[in-house]
Amino acid sequence: MKRRSFLKGTLATGAAAIAVNAGLLTPSTVLAADWNKKAFDAKTTDDALTSVYGSAGATASADVKLKAPAIAENGAVTPVEVDASGITGVESISILASKNPQPMVCEYTFGAAGVGFVSTRIKMGQTMNVVAVVKAGGKLLKAEQEVKVTIGGCGG
Amino acid sequence: MAIQIRMRGKAENGVAEVKALIKHPMESGLRMNQKTGTPYPALYINMVSIKVNGVEAITSQWSGAVSTNPYMAVKVKANAGDEVVVSMTDNAGDTGTETIKV
């Protein structure tokens with residue numbers, strides 16, 4: 001048994017090393033430099049927000065309009081809409097799912113021609129809060145809503 | 001293989017809503033293959049850029065928690081006839097670009 005697992009181990013690492021040498025892995029690592037890996041790997045919403053904005057202290061605001069279903073029959077396609085067009089100077093919008101293994105779902109950064117509105121569909125493993133965080137004028141604003149996920153329920 | 005994007009956009013009072021449907025498996029890397037017990041390798045779109053007349057309007061970073069075959073709707077400042085380009089890259093290096101006139 002031991003010999004077998006040892007062989008398996010060496011073979012696997014050997015293959016990975018060959019892949020790196022052949023340059024097979026380089027394209028993805030180069031691209032990942034731009035991508036905020038730390039934020040997306042974070043295990044809690046606070047950690048994720050700190051990696052993106054340098055602070056997790058967002059204040060709840062009614063100007064951040066978060067639209068998500070109260071009950072999602074299929075958590076794999078939960079429609080989420082964040083409308084922050086009522087706020088001036090929106091710099092960024094993030095959507096997080098609080099209990100996902102990696103809560104950070106997506107982050108949008110707005111240039112001069114962008115309007116603070118985002119709509120997408122996200123995956124959710126279980127019932128949890130969807131959090132929308134908006135950065136505008138140096139301030140962090142957020143809106144939160146619970147979404148019940150009923151996988152395996154009626155029609156599941 | 002290029003990522004397939006279907007796009008639609010309409011300008012109204014200087015603001016255009018751009019909707020895109022993207023064909024992509026968006027594999028998070030957490031889903032297990034029940035037969036072998038090993039996870040499916042992660043494969044998802046991580047960078048998205050939206051340009052209006054060649055100027056960057058919105059850049060976005062995604063994780064594998066965005067749904068399979070993602071839907072995206074955003075609003076940009078654009079007038080009728082302006083050119084909106086959406087381009088994206090996944091973590092395997094595949095890219096996709098689509099251009100429309102709103």
Side-chain angles (χ1 to χ4, degrees), chain A residues 24-37 39-42 48 51-52 72 74-85 90-97 99-125 130, chain B residues 11-22 26-31 38-39 41-79 82 84 88-95 102:
Chain A
L24 285 173
L25 292 176
T26 40
S28 60
T29 47
V30 166
L31 285 163
D34 256 342
W35 188 67
N36 195 340
K37 192 175 186 303
F40 287 106
D41 278 351
S51 330
V52 178
N74 182 358
V77 280
T78 316
V80 175
E81 188 182 296
V82 182
D83 189 350
S85 47
V90 176
E91 291 161 43
S92 162
I93 293 180
S94 291
I95 298 173
L96 298 99
K99 281 190 202 157
N100 267 5
Q102 288 136 12
M104 195 73 196
V105 176
C106 52
E107 193 265 333
Y108 291 80
T109 308
F110 298 91
V115 178
F117 171 92
V118 163
S119 174
T120 184
R121 292 183 195 141
I122 68 169
K123 290 178 196 160
M124 299 174 77
V130 172
Chain B
E12 222 170 79
N13 303 328
V15 174
E17 182 166 13
V18 178
K19 297 174 183 176
L21 262 178
I22 303 127
M26 297 301 283
E27 202 65 73
S28 66
L30 302 169
R31 203 164 63 97
T38 49
L43 179 64
Y44 51 87
I45 295 166
N46 53 13
M47 301 295 290
V48 181
S49 122
I50 298 143
K51 286 182 181 166
V52 179
N53 289 339
V55 180
E56 200 88 49
I58 299 173
T59 54
S60 181
Q61 304 188 2
W62 291 5
S63 78
V66 175
S67 297
T68 304
N69 295 334
Y71 163 80
M72 172 183 76
V74 292
K75 283 182 183 169
V76 291
K77 285 175 193 147
N79 295 309
D82 283 355
V84 177
M88 50 193 67
T89 312
D90 71 12
N91 65 340
D94 272 355
T95 56
V102 292

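Each chain gets a letter, A, B and so on, in the order the sequences are listed, and its residues count up from 1. It should be emphasised that the depicted structure is a prediction, and the values quoted were computed from it without experimental measurement.
Looking at A:F40, only its side chain comes within 4.5 Å of chain B, counting heavy atoms on both sides. Only the backbone of B:E56 comes within contact range of chain A, with at least one heavy atom under 4.5 Å from a heavy atom of that chain. If you measure heavy-atom distances from B:V74 to chain A, the contacts under 4.5 Å come from both the backbone and the side chain.
Taking all atoms of both residues into account, the shortest heavy-atom contact from A:N100 to B:A65 is ND2-CB, 4.0 Å. The shortest non-hydrogen separation linking B:L30 to A:Q102 is CD1-OE1, 4.4 Å. Closest heavy-atom contact between B:S67 and A:A76: OG-O, 2.6 Å. The shortest non-hydrogen separation linking A:A112 to B:K77 is O-NZ, 3.5 Å.
B:K75 places no side-chain N or O within 3.5 Å of a backbone atom of A:S85 that could act as its donor or acceptor partner. In this structure, the side chain of A:T120 does not engage the main chain of B:M72 through any donor-acceptor pair within 3.5 Å. Not a single donor-acceptor pair under 3.5 Å links the side chain of B:S63 to the backbone N or O of A:C106.
Considering CD1 of A:I95 and CH2 of B:W62, their distance stands at 10.0 Å, rounded to 0.5 Å. Note that CZ of A:R121 is 9.0 Å distant from CG of B:N69, once rounded to the nearest 0.5 Å. Note that CG of B:N46 is 11.5 Å distant from NZ of A:K37, once rounded to the nearest 0.5 Å. The CD1 atom of B:I50 sits 7.0 Å away from atom OH of A:Y108, with the distance rounded to the nearest 0.5 Å.
Looking only at heavy-atom pairs under 4.5 Å with chain A, the residue among B:S28, B:A73, B:A78 that has the most is B:A73. In terms of non-hydrogen atom pairs under 4.5 Å with chain B, the most contact-rich of A:I122, A:V105, A:V118 is A:V105.
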Next on the checklist: With side chain to side chain contact (heavy atoms under 4.5 Å, CB included) as the criterion, how do B:T68 and A:K123 come out once you've worked through the C-alpha distance, each side chain's angles and the decisive distance to 0.1 Å?
Outcome noted: CA-CA 8 Å; B:T68 304; A:K123 290 178 196 160; 4.0 Å; yes
